[in-house]
Amino acid sequence: MDFNRLFHLSTKTHIAKRLHALLVVSGEAHNIFFSTRLVNLYANLGDIALSRQAFDLIPTKNIFSWNSMISSFVKNGCFQNAIHCYYQLLTTRVRPDFFTFPVVLKACGCLSDGKKIHSWVFKMGFCLDLFVAASLIHMYSRFALVGDARNVFDEMITRDLGSWNAMISGFCQNGKAAEALDVFREMCIEGVKMDSVTVSSILPVCAPLNDLVTGMLIHVYVIKHGLAFDVYVSNALLNMYAKFGSLELARKVFDQMLVRDLVSWNSLIAAYEQNHDPITALGYFIEMKQKGFQPDVLTLVSLASIVSQSGNVRNSRSVHCFIMKRGFIAEDIFVGNAVVDMYAKLGNIDYARKVFEAMDAKDVISWNSLITCYTQNSLASEAMEIYNTMRGREKIVPDQGTLVSILPAYSHVGALQQGMKIHGFTIKVGLQADIYVGTCLIDVYAKCGRLNDAMLLFGHVPRRSSVPWNAIIAGHGIHGHGEKSLYLFEQMQEEGVKPDHVTFVSVLSACSHAGLVDRGQQCFKLMRDKYFIEPGLKHYGCMVDLLGRAGQLEMAYEFIKNMHVRPDASVWGALLGACRIHGNVELGTIVSDRLFEVDSENVGYYVLLSNIYANVGKWEGVDKVRSLAKNRGLKKTPGWSSIEVNNRVDVFYTANRSHPQSEAIYKELKVLMDKMKNIGYVPDYSFVLQDVEEDEKEQILSSHSERLAIAYGIITTPPKATIHIFKNLRVCGDCHNATKYISKITEREIVVRDSNRFHHFKDGDCSCGDYW
DNA sequence: ATAGGGTTAG
């Protein structure tokens, strides 16, 4: 009986079992050669239980048997068992050898017992063995101990290709691209030729180093030496081209592959997904499934992003189900985070929250994703709440992404003191020079009325990218310092920083707030002629606002008619606002018709129109708007105002009575109202759309959120202290007027930042005059 | 009969 031949033919578990039985029958089961081969055979077929059984039945085990058992465990991912088996071996009289250590070290690399083994290996003097040394280098690298890895590498007397590869990949996988290339060059100098393993380790660092040339030279080498047939090599090439955005080349590499695996498909799908082509990516996903490949976690991460990019809410649900069915959300943090992010981008906050809650393990990115979900959907209080909960978790340390996600929430509600705390934190953890964190802080300071501090910070942030410039230009803009914005814009160009579309939004709105009509028009022209940026809706909105505020209503109207994209509600809304300022009823009526075509649900626009009619005494117009508003199911964006007192941000919603100091607030408002009326305040009821009696209208006006916040400020801060208020919508015209009176009565400066700009109230007047 | 170094992510 030729058992060797039978071993060779056993390609399925049931055949292996027959062979096993045959060995028992023919009395060969105790033969140490055959029984050890059985251990390996079962392991290679993926049946670790049978492999172990076969091992246990070996009466006197030699080092071959032990090595086979340990490596069987490792091959099947049972690292703990492998190490346990190794310790068992140490209790016997059999001694481990050169073959034992590489496998054990591999198991250690996947667990956490590295140091211990290291000292042991050195004691035994086995380190001189090439295979052991390579395993050690690899293991240290896995624990991010590249220094130790390098020491082992340097102490080696002879090196083979495997040693070089282990060191290079060790550096690559720890993000030490430059060091990796150094070792690589050293290897070339010593005349060692790279193989497919070298190539697939080194290719992934080309993109982070922004070195496409090296990547392409390696590609040439690959073709010349026939390495392209290796899946690892081709996959690495595909990924490299994808990271450089060269989709055609990535696609070409994929097309020329003879064998493709799951990684190839995942890489191709991710390539298109990350270069913002979700449609093509989805096509490849479908093709991949048709070819019989089962998607894994990485496929699903891309898929989630594909769905959110294409904005398809229905698909998002089926992706969610698909992932849930396989239990991936609980198991895999990456997938869970990707799904949270998907729902966040689709604006489905409840689902994002639910998925977040359902995750077994959460890391910083999970928290960041949820915080971003809230900030991007303008829910600052919720974002702050989540951030505070996160800070309560010991194991989670905020990173750059956390700060970038929470700071906009602070800007949004004017939480200056909270923002300053983060500023301190950035200095502590060495993030003060980060462009993105720095820019968010500039925005916080600017939006909290601290322009000087914003400028100071701007001086310390690297400014070779447009990002911090955009923030500081916009910061001056909302304070009405248009000239300063334009000056910074000039300076930016002089320093050779290229403005982007965000820059122009900042510049144009700065011009419109400061009434710089000519300069604004020049900038608009510059944007297209010099920088070849096609204006978007926001740029058009700024221009309409700019012309409209300046009284050029017809010109603004013409401007809209000549737009290259369909005007949205904000563009028409800007013109309607201008009609109100300049009391143009005829154009206002026309504009409102067009406006309600694109957005008939926003109650603010009805208020604006009713206002236009009321100002010229056209009461039938007011009635018409009122019934129009009543007949349509209006979506009312809840108005809120916030104020920060003693490190705490309080948010007031209109007519809210749930605040602990509610009673005192309403009492204060009553007192104020009487005093205001005595010195000439008359409520303007055209800001109330509800069809109710006059005294009730007065009640509605004086429970607007901005007044609640101001009253709260008055009763909680020392006399004559400046009050800072933040409102999410535009300040109501009647409240604007009332605040002037309040500033006079209380002898306080009141600073109100609304969705549009800053209003400084002082001594019965406002910095913006009667604009609101 | 047994051994090292490789490609994809939020």
Side-chain angles (χ1 to χ4, degrees), chain A residues 3-4 7 31-41 43 58 62-72 74-75 96-106 109 129-139 141 149 153 159-170 172-173 194-204 227 230-240 242-243 253 261-271 273-274 296-305 308 332-342 344 359 363-366 368-369 372 401:
Chain A
F3 285 113
N4 280 323
F7 267 105
N31 179 320
I32 187 126
F33 293 100
F34 292 144
S35 51
T36 302
R37 280 191 81 169
L38 263 180
V39 173
N40 285 314
L41 180 60
I58 304 174
N62 62 11
I63 189 59
F64 287 98
S65 333
W66 283 99
N67 287 347
S68 298
M69 189 64 246
I70 297 172
S71 92
S72 297
V74 171
K75 271 183 211 153
D97 63 2
F98 289 147
F99 284 77
T100 320
F101 296 114
V103 200
V104 176
L105 288 170
K106 194 174 189 174
D129 182 82
L130 285 172
F131 282 62
V132 177
S135 306
L136 261 177
I137 293 169
H138 178 237
M139 184 202 64
S141 303
F153 182 73
R159 293 173 187 144
D160 69 352
L161 191 53
S163 334
W164 289 101
N165 286 341
M167 196 61 248
I168 293 171
S169 73
C172 290
Q173 285 163 1
M194 58 179 165
D195 69 349
S196 53
V197 178
T198 328
V199 168
S200 42
S201 312
I202 207 90
L203 277 174
L227 301 179
D230 188 298
V231 232
Y232 284 87
V233 169
S234 286
N235 288 344
L237 279 169
L238 200 173
N239 277 300
M240 181 198 67
K243 294 235 168 72
V253 171
D261 65 359
L262 187 56
V263 177
S264 322
W265 284 99
N266 282 348
S267 305
L268 186 70
I269 292 166
E273 172 254 308
Q274 289 183 349
D296 71 348
V297 285
L298 270 79
T299 325
L300 297 175
V301 168
S302 293
L303 194 59
S305 171
S308 62
D332 192 283
I333 298 191
F334 266 88
V335 174
N337 293 347
V339 176
V340 171
D341 191 60
M342 174 183 78
M359 289 167 66
D363 63 5
V364 212
I365 313 274
S366 325
N368 295 354
S369 304
T372 310

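Chain naming here is simple, since letters A, B, ... match the order of the sequence lines and numbering starts at 1 in each.
Relative to the side chain of A:Leu298, the nucleotides B:dA3, B:dA1, B:dT8 differ in distance, and B:dT8 lies closest. For A:Leu130, the side-chain atoms get nearest to B:dG4 when compared with the rest of B:dG4, B:dA1, B:dT7. Proximity note for A:Asn62 (side chain, C-beta onward) versus B:dG4, B:dA9, B:dA1: the nearest is B:dA1. Taking the side chain of A:Val301 as heavy atoms from C-beta on, and the options B:dA3, B:dA1, B:dA9, the nearest nucleotide is B:dA9. Taking the side chain of A:Ser68 as heavy atoms from C-beta on, and the options B:dG4, B:dG6, B:dT2, the nearest nucleotide is B:dT2. Listed nucleotides: B:dA1, B:dA3, B:dA9. Nearest to the side chain of A:Thr36: B:dA1. Ranking B:dA3, B:dA1, B:dT7 by closeness to the A:Ile32 side chain, first place goes to B:dA1. Checking B:dG4, B:dA1, B:dT8 against the side-chain heavy atoms of A:Asn239 singles out B:dT8 as nearest.
At a threshold of 4.0 angstrom between heavy atoms, the contacts of A:Gln274 are confined to the sugar-phosphate backbone, with no base atom among them. Across all strands shown, A:Ser163 has heavy atoms under 4.0 Å from base atoms, whether or not it also approaches the sugar-phosphate. Base engagement by A:Asn266 is indicated by at least one non-hydrogen atom pair under 4.0 Å involving a base atom. Heavy atoms of A:Ala134 sit under 4.0 angstrom from at least one base atom. Residue-level contact check: A:Ser369 touches neither bases nor backbone, having no heavy atom under 4.0 Å from any strand. No contact: A:Val335 has no heavy atom under 4.0 Å from any strand. In this structure, A:Ile137 reaches neither bases nor backbone, as no heavy-atom distance under 4.0 Å exists between it and the strands shown. Within the nucleic acid shown, A:Val263 comes within 4.0 Å of at least one base atom, counting heavy atoms only. Within the nucleic acid shown, A:Leu161 comes within 4.0 Å of at least one base atom, counting heavy atoms only.
With hydrogens and angles left out, the side chain of A:Asp195 and the base of B:dG6 share no donor-acceptor pair within 3.5 Å. Side chain A:Ser135 to base B:dG4: no donor-acceptor pair is found below 3.5 Å. Side chain A:Asp230 to base B:dG6: a donor-acceptor pair is found below 3.5 Å.
For the pair A:Val231 and A:Val263, the minimum side-chain heavy-atom distance is 4.5 Å or more.
Residue side chain A:Phe131 meets the stacking definition with respect to B:dG4: its ring centre sits within less than 5.5 angstrom of the base's six-membered ring centre, and the planes differ by less than 30 degrees. By the 5.5 Å and 30° criteria, A:Phe99 is stacked with the base of B:dT2.
Atom CZ in A:Phe34 sits about 14 Å away from atom P in B:dT2, given to the nearest Å. With rounding to whole Å, A:Trp265 atom CH2 is found 19 Å from B:dA9 atom P. Between the CG atom of A:Asp296 and the P atom of B:dT7 there is a distance of 15 Å, given to the nearest Å. Protein atom CG of A:Leu38 is 13 Å distant from nucleotide atom P of B:dT2, rounded to whole Å. If you take CG of A:Asp363 and P of B:dA9, they are 16 Å apart, rounded to a whole angstrom. The CG atom of A:Asp97 sits 13 Å away from the P atom of B:dG4 (whole-angstrom rounding). Here B:dG4 presents its P atom at 10 Å from NE2 of A:His138, a figure rounded to the nearest Å. Rounded to whole angstrom, the span from the CZ atom of A:Phe101 across to the C1' atom of B:dA3 amounts to 12 Å.
The CG atom of A:Asn266 sits 11.0 Å away from the CD atom of A:Glu273 when rounded to the nearest 0.5 Å. Interatomic distance, CG of A:Asn31 versus CD1 of A:Ile58, reported as 10.0 Å (0.5 Å rounding).
A donor-acceptor contact under 3.5 angstrom links the side chains of A:Ser68 and A:Asn40, judged on distance only.
Using cut-offs of 30° and 60° on the angle between ring planes, the pair A:Phe153 and A:Trp164 is perpendicular.
The shortest distance between the side-chain N/O atoms of A:Lys106 and the OP1/OP2 oxygens of B:dG4 is below 4.0 Å. Residue A:Lys243 has a polar side-chain atom (N or O) positioned under 4.0 Å from OP1 or OP2 of B:dA9. Within the 4.0 Å cut-off from OP1 or OP2 of B:dT7, at least one side-chain nitrogen or oxygen of A:Gln173 is found.
Judged by distance alone, the side chain of A:Asn239 and the main-chain N or O of A:Ala242 form no donor-acceptor pair under 3.5 Å.
For the side-chain hydrogen bond (donor to acceptor under 3.5 Å, both in side chains) test, no residue two or more places apart in sequence or in another chain qualifies with A:Arg159.
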